[in-house]
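Source: prediction; values computed, not measured. Per chain, numbering begins at 1; letters A, B, ... match sequence-line order.
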Amino acid sequence: MGKPTLEFRDVYLGYRGEVILPSVNLVIEEGDFIGIVGPNGAGKTTLLRAIAGILKPLKGEIIIHKPNLAIGYVPQRSLLDETYPLTALEIVCMGLYRKVGLLRSVRKYIGKAREALRVVGLEGIEGKLYRELSGGQKQKVLLARALVSEPEILLLDEPITDLDVASQKSMMDFLSQLNKERGMTILLVSHLLDVVAERAEKIVMLGDGRVVSGKKEEILSPQMLKEFFGIPLGGD
Amino acid sequence: MWHSFAEAFSFPFMRNALWGSLLIGIISSIIGVYVVLRRIAFLGIGLAQVSSLGVAIATYFGLNKNFLSLLLVLLCLLLLVIATRGKEKVPKEALIGVIYSFALALSLLFLSKSAKGEAGVMESLFGNLLAIHKADIRNLAIVFLPIALVYILFNKEITATSFDAETSRAMGLNTRLWDFVFYFTVGIVIAYSTRLSGVFFSFSMLVIPPFIALLSSRSLGSSFIISLLVTIPSVILGLYFSYIWDFPPSGMIVALLFVFLLLATLIARR
């Protein structure tokens with residue numbers, strides 16, 4: 001069991017005063033690989049946004065146990081506007097802006113951005129426009145942008161949706177490797193329950209305003225799946 | 001031709017129009033790239049009309065035109081931010097349309113009762129670049145040059161916030177500040193340029209050069225450069241042709257922008 005990094009204590013999440021997720025209690029520990037699952041509209045992205053610090057809680061406390069916790073965030077690919085004429089390298093460089101600071105050029109750190117692209121397997125596409133890349137390549141560019149900031153926690157929102165099976169596998173292999181070899185804490189939102197269940201050790205399951213979390217074996221029981229998804233899922 | 005070119009710009013009112021239009025064109029073509037990319041081009045004409053309303057009210061009551069048009073534009077931006085926070089019940093674009101219509105209606109009412117009457121309505125829409133004074137140029141330079149500097153120095157923060165505010169925020173960037181900087185500067189530029197050049201010219205310079213640039217460039221950096229390269233000759237030649245052929249200058253400049261747009265479309269299709 002790793003040290004707790006981030007903790008939700010009776011947190012209420014929502015927008016404009018309207019509660020979507022009441023009373024969330026959650027502990028994220030160092031080196032966790034957590035899958036956040038649930039039916040559409042259950043509040044998976046809302047929870048991830050709160051973990052990322054983008055959404056402030058309506059009530060309750062989010063405790064960050066580690067000072068200056070570096071968070072890497074990979075948003076849903078479909079939310080990004082592809083009309084921006086930005087290259088893969090320019091987008092990866094955005095992950096360095098905090099480190100670079102105000103009034104300083106990112107040029108000095110460009111090697112790090114190239115290295116991040118190499119790590120995710122995208123060497124040689126630095127100068128290509130983001131909009132001209134394939135779905136899988138775009139996803140990797142966004143992942144490289146998160147990795148270049150050297151995060152301790154990596155948050156990913158539906159990173160494998162719309163990818164073909166081979167790209168899904170390659171992405172999940174890579175995330176497992178980051179988790180095992182670098183000890184990076186990973187939280188992944190997906191509605192592809194089977195893919196997530198294969199890799200994650202812990203599961204946070206959402207549905208009907210309820211949030212339960214725990215070990216994969218406890219959470220993904222047929223009873224719980226029926227409760228949260230309404231229909232029996234899984235084969236075994 | 002050179003002789004008549006030199007002659008055209010030997011007149012102080014032509015030189016004032018040139019410097020004024022260049023200042024308005026240059027700053028608009030820079031921030032306009034973000035306005036177009038953020039899909040808020042319609043905000044340009046909405047705010048320009050609000051600024052024009054400020055001028056109309058100030059004219060009617062004998063108040064300071066710069067102050068009132070800027071105040072109304074900033075209040076309008078604040079209203080938009082408050083009204084569209086969280087989940088939108090109606091699209092932001094529609095609200096901008098409503099603001100535009102109200103501002104236009106009120107401008108017409110105030111201007112129809114002002115001393116200038118119908119001429120005032122025409123001037124608020126189409127402006128009069130030839131009426132720009134030296135003092136106006138100085139004021140534009142004092143306001144616009146620091147804004148240009150902000151966009152040069154904080155380009156990476158403004159770009160990241162514009163492209164992907166959520167991730168930038170999660171990764172430690174103060175996106176609220178950079179969003180504020182963007183909208184505040186857009187408000188100032190529109191308020192000042194509309195007061196001097198009218199709704200039509202300020203909106204056109206904010207949208208057309210960046211549109212041409214984005215159509216024909218393959219990087220954000222070159223978009224700014226192309227936007228400037230389209231603006232500067234259009235302003236110079238537009239003023240010159242308006243002088244020798246006796247056309248309204250703002251109409252001539254925008255007509256030249258249209259020629260650039262056709263060229264860019266042809267290049268983009270190749």
- prompt: With a 4.5 angstrom heavy-atom cut-off, which part of A:Val74 approaches chain B: side chain, backbone, both or neither?
  reply: neither
message: Less than 4.5 Å to any heavy atom of chain A: does that hold for the side chain of B:Leu37, its backbone, both, or neither?
response: both
- prompt: Does a sphere of radius 6.0 Å around CD in A:Glu132 hold more than 12 heavy atoms from other residues, nucleotides or ligands, not counting ones at 6.0 Å or beyond?
  reply: yes
- prompt: So which heavy atom on B:Thr167 is nearest to which on A:Tyr73, and how close?
  reply: CG2-O, 3.3 Å
message: Please check if the number of heavy atoms outside A:Phe174 that lie under 6.0 Å from its CZ is greater than 12.
response: yes
- request: Please assess B:Arg39 against A:Thr83 for the test side-chain contact (heavy atoms from CB on, under 4.5 Å), listing each intermediate value before the final yes or no.
  value: CA-CA 10 Å; B:Arg39 297 168 192 259; A:Thr83 50; 3.5 Å; yes
message: side-chain contact (heavy atoms from CB on, under 4.5 Å) for B:Glu166 and A:Leu79? Distances and angles first, verdict last.
response: CA-CA 10 Å; B:Glu166 287 235 329; A:Leu79 297 179; 5.5 Å; no
- prompt: Around atom OH of A:Tyr97, are there more than 12 heavy atoms of other residues, nucleotides or ligands at under 6.0 Å?
  reply: yes
query: Counting distance only, does the side-chain N/O of B:Lys156 pair as donor-acceptor with the main-chain N or O of A:Leu102 below 3.5 Å?
result: no
Under 4.5 Å from any heavy atom of chain B - which part of A:Glu18: neither
CZ (A:Arg131) with more than 12 external heavy atoms under 6.0 Å: yes
query: So do A:Met94 and B:Leu173 actually touch side chain to side chain, heavy atoms under 4.5 Å?
result: no
query: Counting heavy atoms not belonging to A:Asp208, are there more than 12 under 6.0 Å from its CG?
result: no
- request: Can you measure from CD (B:Glu157) to CZ (A:Arg98) and round to the nearest 0.5 angstrom?
  value: 13.0 Å
Heavy-atom closest pair, residues A:Arg145 and B:Met171: O-CE, 3.3 Å
query: What part of B:Phe154 is in contact with chain A, defined as an atom under 4.5 angstrom from a non-hydrogen atom: side chain, backbone, both or neither?
result: side chain
- request: Could you look at A:Ile91 and say if it's the side chain, the backbone, both or neither that has a heavy atom under 4.5 Å from chain B?
  value: side chain
message: Please report the interatomic distance CZ(B:Arg38) to CG(A:Asp81), rounded to the nearest 0.5 Å.
response: 11.0 Å
- request: Would you mind telling me which of A:Val106, A:Leu103, A:Leu155 has the largest number of heavy-atom pairs within less than 4.5 Å of chain B?
  value: A:Leu103
field: Flag, side chain of A:Tyr84 to backbone of B:Ser162, donor-acceptor distance under 3.5 Å
entry: yes
query: Heavy-atom distance under 4.5 Å to chain B: side chain of A:Leu86, backbone, both or neither?
result: side chain
task: Find the one option among B:Asp164, B:Val33, B:Val36 whose heavy-atom pairs under 4.5 Å with chain A are most numerous.
output: B:Asp164
